[in-house]
Every structure is written in structure tokens, then in C-alpha cells.
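Letters A, B, ... are given to chains in the order of the sequence lines, protein chains preceding strands, and every chain is numbered from 1.
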Protein chains: 2
Amino acid sequence: MGRGKIVIRRIDNSTSRQVTFSKRRNGIFKKAKELAILCDAEVGLMIFSSTGRLYEYTSTSMKSVIDRYGKAKEEHQVVANPNSELKVCSLDKFPYIYSQVFACLSKRLALLKNCLLRLYAWHLMYIYPTLKHNANAECA
Amino acid sequence: MGRGKIVIRRIDNSTSRQVTFSKRRNGIFKKAKELAILCDAEVGLMIFSSTGRLYEYTSTSMKSVIDRYGKAKEEHQVVANPNSELKVCSLDKFPYIYSQVFACLSKRLALLKNCLLRLYAWHLMYIYPTLKHNANAECA
DNA sequence: AGGTCTATGTATAATAG
DNA sequence: TCTATTATACATAGACC
């Protein structure tokens, strides 16, 4: 779509690669906007240039898009069961489910903390008074 | 770009909205691929149709793109300090930094667990034998 | 709901400033 | 580098299967 036909392969010349990047980036952002409006779609687009700079477009918010993406993916994946024994190995593959696993870990952490505190309190109340020697537990 | 010019507003007729969605979705995916190849860019594109279905394209992997997005954003944001006192309030705004907070929580959980186990072991070894009455701690 | 056709609108490669 | 121009290639609206 221009004066000459081009083949789709990496543009070697960095200057024209940069120029083409600017033009096509604008083009694809426009297309993304149009798609979102015309078709009532939620769109999230992230682009990293070859120089590493981030360009983004989203019809709503990237948080919303990424969260929704994670949710949509979970439906097709076996997700770490929040009630199972800390099975978080699938995280490597699906970082977008962090939100759920975070909630799970957070809960477990709270439970463990609570448990530890109760044990410690109980210890202070019932055990410590009966002890004459120092407990060298490092936990505070 | 077709037989007639159109204005960019939501297409009311759901059938033609669906048809336009299919066509333009293919179009934007093609553009995204071309951009990635021509300009050596990393691209991630997520689209949810008005019926809620997910369509995605990425030149690498969505995990990579989302992680990189999170990292790029963090540079411009104050992130929960992993060493601070469980300060995860910023998560609501930036879900893409879950990976870091997860690592942090994971570490804390492991520490707490270890602490709890040591305390429990110490308890079993030094305290339990000296107790004649039952400890009604609910933790296992 | 997907594929084909084709006239026409758009995007953009090449070029110049 | 950035901006403007323009000839061309491409995308797609509308139509019909």
C-alpha cells in the first residue's frame, strides 16, 4: 500500500524501520479504535518498538483488559486450586492469574499469621510462665 | 474502504456488527503481524467481541508481553516495596505487578511457615513432654 | 455463520522539502 | 529527524451465496 510493493520481512535499515514503525503504529492504533467503536469490542494493544519503548492503546483500561484476559484464559486452563496444597506451579505459564493466586496466598498468609499469633499468645500465657529457661525462637 | 464510506460509530444491526467484526479483526491481526515482523517489534493484541469472546494475537507470548508491560509501567509508578510491611494496596491499580508481589508474598509465606514449623517442633520437643493437660490449639 | 466478489475508501512506500 | 505529497497497494462495505 504505497508506491511499491514490499515483502514482509524485517527492515534492515534502522532509519526506515523507525519511519515505517511510526506510520504503521499510528495506522494500527486507528484500526484498533475503529474496531472498538464500530463493533463495541474491548481492545487492548501493547507494542514494544525495537528500541524497547512501549506504546499502548486500550478502549477501556489495560487493567480491565488484562484481568479479563486472565479470566478468559482460566476457563480453558487447570488453575491452581485455592484449596489445594499451595499448588502454584502453573504460575510460570499463566502470570495473568496472579490476581486469584494472590487472593489465595493472601488468605493463607493471613491464616498462618493468625495461627502463629494464637500459638504464640497461648505459649506466652500458658507455657512461658512455667519456663525458667529462655526459648531461643527467632520469630517475632 | 469499501463500496461506501462509513462513519465510525457503533453498528446498531448486530448481524452486520458481527460481520464487520470478523473482517476487521482479521485485518488488524494481519497489521499486527506485519508490524511485528517489519519493525522487529513485540506486539500483544487482545480483543473481546461484544459477545464476550476473546481473540488474541501476540508476536511472542502474552506472558512475555504482559510481564514486559508491567515492568515498563513500574518504571513510572511507585511500586509496593517488597521489603515493606505487606503494602499491597497499589495492586488494585496495577495488577500486572502481581508477579513481584507474588514473589514477595511467597517468600513471606515460606518464612512464616518455617517459623511456625520451628516453633511447633520446638514446642513438641521441649514443652509438650512437660505438659499433662491438652493444648487446644486448632492449628495443625 | 462463513466464503466470494468488486467498487471504492484508506493506508502507506517512496519521495521530496 | 519530522512533515507533506502522491501514486499505489491494500482493506473492506455492500452484495450475493
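- We find the CG-OH distance between A/Asn26 and A/Tyr57 to be 14.0 Å, quoted to the nearest 0.5 Å.
- Comparing A/Thr15 and B/Ile28 along DNA chain D, the residue whose closest nucleotide (by nearest heavy atom) sits nearer the 5' end is A/Thr15.
- A residue-by-residue look at B/Asn26 and A/Gly2 shows that A/Gly2 has its nearest nucleotide of DNA chain D further toward the 5' end.
- Rounded to an integer number of Å, the gap from B/Gln18 CD to C/dG2 C1' is 11 Å.
- Both tests do not hold together for B/Arg53 against B/Phe48: distance to the six-membered ring centre under 6.0 Å, angle to the ring axis within 45°.
- Between the NZ atom of B/Lys5 and the C1' atom of C/dA7 there is a distance of 15 Å, given to the nearest Å.
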- Please test A/Asn13 against A/Ser16 for side-chain hydrogen bond (donor to acceptor under 3.5 Å, both in side chains), starting from the C-alpha separation and ending with a verdict. CA-CA 6 Å; A/Asn13 182 285; A/Ser16 42; 3.2 Å; yes
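- In terms of phosphate contacts, A/Lys31 brings no side-chain nitrogen or oxygen within less than 4.0 Å of OP1 or OP2 of C/dT10.
- Computed from coordinates, the A/Asn13 CG to C/dA14 P distance equals 11 Å when rounded to whole Å.
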- Query: Run the side-chain hydrogen bond (donor to acceptor under 3.5 Å, both in side chains) check on A/Glu42 and A/Ser59 step by step: do they pass?
  - Reply: CA-CA 6 Å; A/Glu42 185 172 22; A/Ser59 60; 5.5 Å; no
Enumerate the protein-to-nucleotides 3-5 of chain D contacts in which both atoms are nitrogen or oxygen and the separation is below 3.5 Å.
none

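- D/dT1 makes up no base pair with any nucleotide shown, lacking Watson-Crick or G-U wobble contacts both under 3.5 Å.
- Among the nucleotides D/dC10, D/dA13, C/dA11, the one closest to any side-chain atom of B/Thr20 is D/dA13.
- The side chain of A/Lys30 approaches C/dT10 more closely than any other nucleotide in the set C/dT10, D/dA11, D/dT12.
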